[in-house]
Amino acid sequence: MVLTRRSPRLGLALGSGSARGWAHIGVLQVLQEEGLKPDVVCGASIGALVGAAFAGGELERFADWVQGLGMRDVFGFMDFNLAGGMLKGEKLIAFWRRHFADFDIEDSPLAFGAVATDLHSGAEVWLREGSIADAVRASIALPGLFTPVARADGRLLVDGGIVNPVPASLARAMGADIVIAVDLNTDILHRHMQPLAVVQDPPPEQPGAVPEPEPAASTDWMSRLRFWAPAGAPAAGPAVAPLPRKPSVLDVVMTSVTIMQMRITRSRMAGDPPEVVVAPSLAHLGLLDFHRAPEAIAEGRRAAQAALPQLRRFMG
């Protein structure tokens with residue numbers, strides 16, 4: 001038997017990250033400009049949405065649409081719901097079906113896969129057949145935000161980022177030899193970190209100096225009382241910084257899910273590392289900042305260009 005050399009198959013694993021996912025567009029634009037043609041594209045959550053547009057050959061038109069989104073447009077896609085999730089998601093998917101290609105995944109011009117999570121068993125589900133719009137809808141069903149998707153086989157599916165936020169393993173299973181993983185959450189904790197306060201050492205005591213008297217024992221509880229005084233109450237002493245704004249329920253849920261996904265991503269990519277990781281710096285963008293697509297796309301382009309030398313080493 002004669003073994004012949006073949007070109008390596010290139011796969012893309014587009015990660016979850018809600019509105020930060022528009023950065024995937026910038027990454028894909030750079031790859032196209034460099035003449036790099038992936039053989040496989042797969043995604044979780046927003047990565048599945050962008051990946052579906054790319055697989056259908058509609059990236060340019062899709063990019064034009066997202067860059068024109070304003071806050072009013074984003075709000076217009078919100079079909080509020082009282083059970084299972086805040087939004088039904090039907091308006092978004094109906095818009096996709098009307099304006100972008102909805103085809104069977106088996107007929108996709110580019111091999112495509114999406115990741116979802118079985119809500120009952122917690123199993124990872126790879127969506128490789130059927131309507132690409134249906135696969136995207138299941139993959140983006142972030143718990144608490146979108147309602148789960150009921151499948152004909154009885155499964156109830158939610159966001160794929162719950163179990164596999166950057167699906168490099170799916171790209172590998174679909175035959176990719178070289179996997180480019182786009183991780184949108186690498187620096188998310190930076191947004192919530194506060195620098196430690198610097199405490200100055202007390203000046204050395206001078207010989208013959210009279211020591212300052214100890215503060216009264218009541219000072220501490222009095223300062224706390226002033227801190228919690230109602231607005232408009234007369235201040236008794238120096239001003240105290242106000243309490244930080246309490247996050248909303250949605251803020252808590254979304255940030256908690258993002259931190260969880262970041263930890264899962266680190267663990268999974270350590271076990272099966274992709275050849276190239278593109279990591280845009282997106283901590284300044286909120287998870288629902290879908291109207292800030294130009295910023296996300298620009299950062300995706302920057303991160304992709306920074307990763308090109310490493311990618312050329314594998315592809316060369």
Side-chain angles (χ1 to χ4, degrees), residues 13-22 24 41-53 74 77-97 102 105 112-171 173 182-185 188 248-269 286-288 290:
L14 306 181
S16 60
S18 200
R20 300 183 187 109
W22 296 152
H24 290 313
V41 60
C42 57
S45 196
I46 191 70
L49 178 65
V50 178
V74 174
F77 284 113
M78 296 184 179
D79 42 5
F80 292 98
N81 184 65
L82 296 178
M86 287 179 57
L87 306 174
K88 291 185 288 185
E90 293 175 1
K91 282 188 177 181
L92 176 61
I93 294 303
F95 179 89
W96 175 277
R97 294 186 197 277
D102 180 20
I105 295 174
F112 173 82
V115 179
T117 304
D118 187 314
L119 187 60
H120 294 310
S121 67
E124 180 177 342
V125 180
W126 290 350
L127 303 174
R128 298 287 319 281
E129 58 185 22
S131 163
I132 198 167
D134 289 346
V136 167
R137 173 62 183 88
S139 190
I140 66 172
L142 186 67
L145 184 61
F146 285 108
T147 56
V149 172
R151 301 276 286 187
D153 58 5
R155 281 181 160 179
L156 204 58
L157 301 184
V158 294
D159 195 306
I162 300 300
V163 291
N164 197 353
V166 185
S169 56
L170 174 54
V182 185
D183 184 1
L184 304 176
N185 299 316
I188 189 60
S248 68
V249 172
L250 185 59
D251 287 335
V252 172
V253 171
M254 298 286 277
T255 302
S256 300
V257 169
T258 300
I259 293 172
M260 177 195 68
Q261 290 179 351
M262 183 193 67
R263 299 296 185 185
I264 294 172
T265 299
R266 289 181 179 180
S267 176
R268 296 204 58 156
M269 289 205 300
L287 288 172
L288 298 180
F290 290 101

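- Summarising the geometry, atom OG1 belonging to Thr117 is positioned 10.5 Å from atom CG belonging to Leu142; distances are rounded to the nearest 0.5 Å.
- Atoms CD1 and CG, on Ile46 and Leu14 in that order, are 10.5 Å from each other to the nearest 0.5 Å.
- Contact between Leu127 and Leu157 at its shortest, heavy atoms only, is CD2-CD1, 4.2 Å.
- A donor-acceptor pair under 3.5 Å is formed between the side chain of His24 and the backbone N or O of Gly15.
- Residues Asp159 and Ser16 bring no donor and acceptor atom of their side chains to less than 3.5 Å of each other.
- Proximity of Trp22 to Leu184: side-chain heavy atoms (C-beta onward) are nowhere separated by under 4.5 Å.
- Heavy-atom minimum distance, Ile264 versus Pro165: CG2-CD, 3.7 Å.
- The side-chain heavy atoms of Asp102 and Ile132, taken from C-beta on, include a pair separated by under 4.5 Å.
- Nearest heavy-atom pair, Trp96 versus Ala133, reported as atom, atom and distance to 0.1 Å: CD1-CB, 3.8 Å.
- With values rounded to the nearest 0.5 angstrom, Asp134 atom CG is found 8.5 Å from Ile105 atom CD1.
- Of all heavy-atom pairs spanning Ser131 and Arg97, the tightest one is OG-NH1, 3.6 Å.
- Atoms CZ and CD1, on Phe95 and Ile93 in that order, are 11.5 Å from each other to the nearest 0.5 Å.
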Under the side chain to side chain contact (heavy atoms under 4.5 Å, CB included) criterion, do Asp183 and Met269 qualify, and how do the steps go?
CA-CA 10 Å; Asp183 184 1; Met269 289 205 300; 4.0 Å; yes
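- The two residues Asn164 and Val115 make their nearest non-hydrogen contact at CB-CG1, 4.1 Å.
- The shortest heavy-atom contact between Ser45 and Ser139 is N-OG, 2.8 Å.
- Looking at Arg137, its side chain never comes within 3.5 Å of a backbone N or O of Leu92 through a donor-acceptor pair.
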